[in-house]
Number of protein chains: 2
Amino acid sequence: MTRSQTRIQKKNTGAILGAALDVFSLQGFRGTTLDQIAQAAGLSKPNLLYYFPSKEAIHDALLMGLMDTWLDPLRELDSDGNPVEEIVAYVLRKLEMARDYPRESRLFANEIVQGAPRILDQIEGPLRDLVNDKAEVIRGWISTGKLAEVDPHHLIFSIWSTTQHYADFDIQVRAILHPEGDAHYAEAGQFLQALYRRALTPG
Amino acid sequence: MTRSQTRIQKKNTGAILGAALDVFSLQGFRGTTLDQIAQAAGLSKPNLLYYFPSKEAIHDALLMGLMDTWLDPLRELDSDGNPVEEIVAYVLRKLEMARDYPRESRLFANEIVQGAPRILDQIEGPLRDLVNDKAEVIRGWISTGKLAEVDPHHLIFSIWSTTQHYADFDIQVRAILHPEGDAHYAEAGQFLQALYRRALTPG
DNA sequence: AAAGAGTTTGACCAAATGGTCAGGATCACG
DNA sequence: CGTGATCCTGACCATTTGGTCAAACTCTTT
């Protein structure tokens with residue numbers, strides 16, 4: 001359907017999505033104005049609307065593009081690997097994502113906190129399926145005694161929350177720790193690694 | 001300064017704050033309109049503004065009233081108690097608050113995710129002081145060998161994030177677990193209790 | 001270079017929104 | 001009951017905001 005994009009289209013849609021991610025992630029959907037996005041992208045408001053039919057369309061484009069990347073780390077959880085190491089690796093990858101893609105994390109957080117009006121389908125569908133799938137893997141590990149007995153779903157929730165916290169509550173974390181740049185992420189990695197290693201190693 | 005409130009004042013300011021908490025916590029500050037609050041409170045918009053000078057004043061009143069209650073559980077962390085049990089008790093109290101006061105939790109989350117424009121002072125001040133204080137208590141427990149060696153600040157962050165997750169990301173949790181009412185909070189309590197007990201018990 | 005596709009903008013619009021105000025209704029109290 | 005304080009509202013206003021449109025500009029292609 002979509003003909004290949006022109007040079008200018010590629011440049012401008014990219015600029016728009018980047019600018020929109022900046023603003024949406026910091027102000028939420030309703031808190032963001034088209035003028036803010038336009039200014040951040042270096043375009044006029046009518047020109048924005050030449051590339052995207054509406055404010056909502058920009059937001060949707062971001063969320064849709066995000067979902068897949070966001071779940072990639074969980075997909076990589078390998079049922080053939082060493083259970084404790086697989087989970088620790090997942091935690092650390094998720095923490096890296098919080099550090100390297102905080103805007104994406106906050107965009108997602110904003111959406112969920114406010115009831116996920118625009119992506120509830122994605123959550124009820126693909127996300128839920130993937131989580132249940134991996135919960136089954138974890139249950140398998142537990143039943144063979146290679147992992148301490150924990151509820152798989154709540155384990156996953158705890159990993160999401162502890163790692164994303166560093167992106168979503170960044171302001172609070174920085175207000176308390178006053179870190180140099182991203183230095184505190186290394187400490188967080190150490191802490192979480194120890195936490196889950198101790199809690200999940202069986203015996 | 002403020003004369004004691006009349007019967008009607010008490011009733012209406014109460015209704016306004018309750019309605020505002022409903023709406024703000026679900027739509028954020030900019031996503032909320034005075035009309036929405038007025039309707040939810042059963043008052044006219046001009047009447048709202050008879051009791052509060054502006055939308056922001058309502059929001060501020062909520063946040064200010066919230067801060068104290070929000071930190072109460074942490075204040076109760078007793079340096080004379082049994083370390084592991086004190087922390088587990090804190091986790092469970094925090095989880096109860098997520099269950100019983102989800103609106104408050106989301107109001108706070110909305111504010112922080114969006115850069116805490118209105119309460120950064122509170123965070124840099126009282127909250128930071130309290131956290132540093134309790135971090136010192138935890139450090140003391142560790143130095144006497146009564147608690148496994150973990151970074152106190154990141155421990156506190158992890159407790160905040162894992163518990164508040166059930167309020168702030170409620171929609172997502174429910175979409176995945178399809179719980180009956182609040183049944184999943186009991187499971188979450190079991191999980192978190194086990195997680196922290198295993199991770200923090202020394203030796 | 002000409003034509004057609006693709007790109008950009010100033011001017012504009014309707015709806016929504018935070019807030020005001022003068023006057024009327026109601027309440028508390030002597 | 002009367003009167004001053006408190007409470008409430010309809011009408012109104014200025015600004016912001018998402019979105020439109022016709023006209024102009026620029027790029028690509030032949």
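Please read these numbers as outputs of a predicted model, since none were measured by experiment. Chain A is the first sequence line, chain B the second, and so forth, proteins listed ahead of strands; every chain is numbered from 1.
Between the CG atom of B/L34 and the P atom of D/dT9 there is a distance of 15 Å, rounded to whole Å. If you measure from atom CG of B/L43 to atom C1' of D/dG10, you get 16 Å, rounded to the nearest angstrom. The nearest whole Å value for the distance from the CD1 atom in B/I37 to the C1' atom in C/dG19 is 13 Å. Distance, A/L48 CG to D/dG18 C1': 11 Å, rounded to whole Å. Taking atom OH of B/Y50 as the reference point, atom P of C/dC27 lies 13 Å away to the nearest angstrom. A straight line from CD of B/Q27 to C1' of C/dT17 spans 14 Å, rounded to a whole angstrom. Atom NZ of B/K10 is separated from atom P of C/dA28 by 13 Å (rounded to the nearest Å). Following rounding to the nearest Å, A/Q5 (CD) and D/dT28 (C1') show an atom-to-atom distance of 17 Å.
Within a 6.0 Å radius of CD in B/E149, other residues, nucleotides and ligands contribute 12 heavy atoms or fewer.
Note on A/S44: every side-chain N or O is 4.0 Å or more away from OP1 and OP2 of C/dT8. For the OP1/OP2 pair of D/dT6 and a distance below 4.0 Å, the side-chain nitrogens and oxygens of B/N12 include no atom meeting the criterion. At C/dT7, none of the side-chain N or O atoms of A/N47 fall inside 4.0 Å of OP1 or OP2 (strictly under the cut-off). For A/T6 and C/dA5, the shortest distance from a side-chain N or O to OP1 or OP2 is not below 4.0 Å.
With distances taken from any side-chain atom of A/T33 to the nucleotides D/dG18, C/dC21, C/dT7, the minimum falls on D/dG18. For A/Y51, whose side chain is taken as the heavy atoms from C-beta onward, the closest listed nucleotide among D/dC8, C/dG19, C/dT8 is C/dT8. In this structure, of C/dA11, C/dG6, D/dG19, it is C/dG6 that holds the atom nearest to the side chain of A/Q9. When distances are taken from the side chain of A/S54 to each of D/dG19, D/dC27, C/dG19, the shortest belongs to D/dG19.
B/K146 has no carboxylate O lying under 4.0 Å from a charged side-chain N of B/E85, or vice versa, which leaves the two without a salt bridge. Look at A/D182 and A/R174 and you find a salt bridge, because one of the NZ, NE, NH1 or NH2 atoms lies within 4.0 Å of a carboxylate O, short of that distance. For B/R103 and B/D22, the salt-bridge test passes: some basic side-chain N is under 4.0 Å from an acidic carboxylate O. Between B/R75 and B/D68 a salt bridge is recorded (basic side-chain N to carboxylate O distance below 4.0 Å).
For the pair A/R30 and A/K45, both in contact range of DNA chain C, the more 5′-proximal nearest nucleotide belongs to A/K45. Mapping A/Q36 and A/L49 onto DNA chain D by nearest heavy atom places A/Q36 closer to the 5' end of the strand. Map B/R7 and B/D35 each onto its nearest nucleotide of DNA chain C; the residue landing nearer the 5' end is B/D35.
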Let's go through B/D72 and B/K94 carefully: what are the C-alpha distance in whole Å and the side-chain angles of both, what is the deciding distance for salt bridge (charged side-chain N to carboxylate O under 4.0 Å, His left out) to 0.1 Å, and is it a yes or a no? CA-CA 10 Å; B/D72 273 345; B/K94 211 73 182 67; over 6 Å; no
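Nucleic acid contact for A/I8: sugar-phosphate only, since backbone atoms but no base atoms lie under 4.0 Å from a heavy atom of the residue.
For B/K55 against C/dG19, a side-chain-to-base donor-acceptor contact under 3.5 Å is absent.
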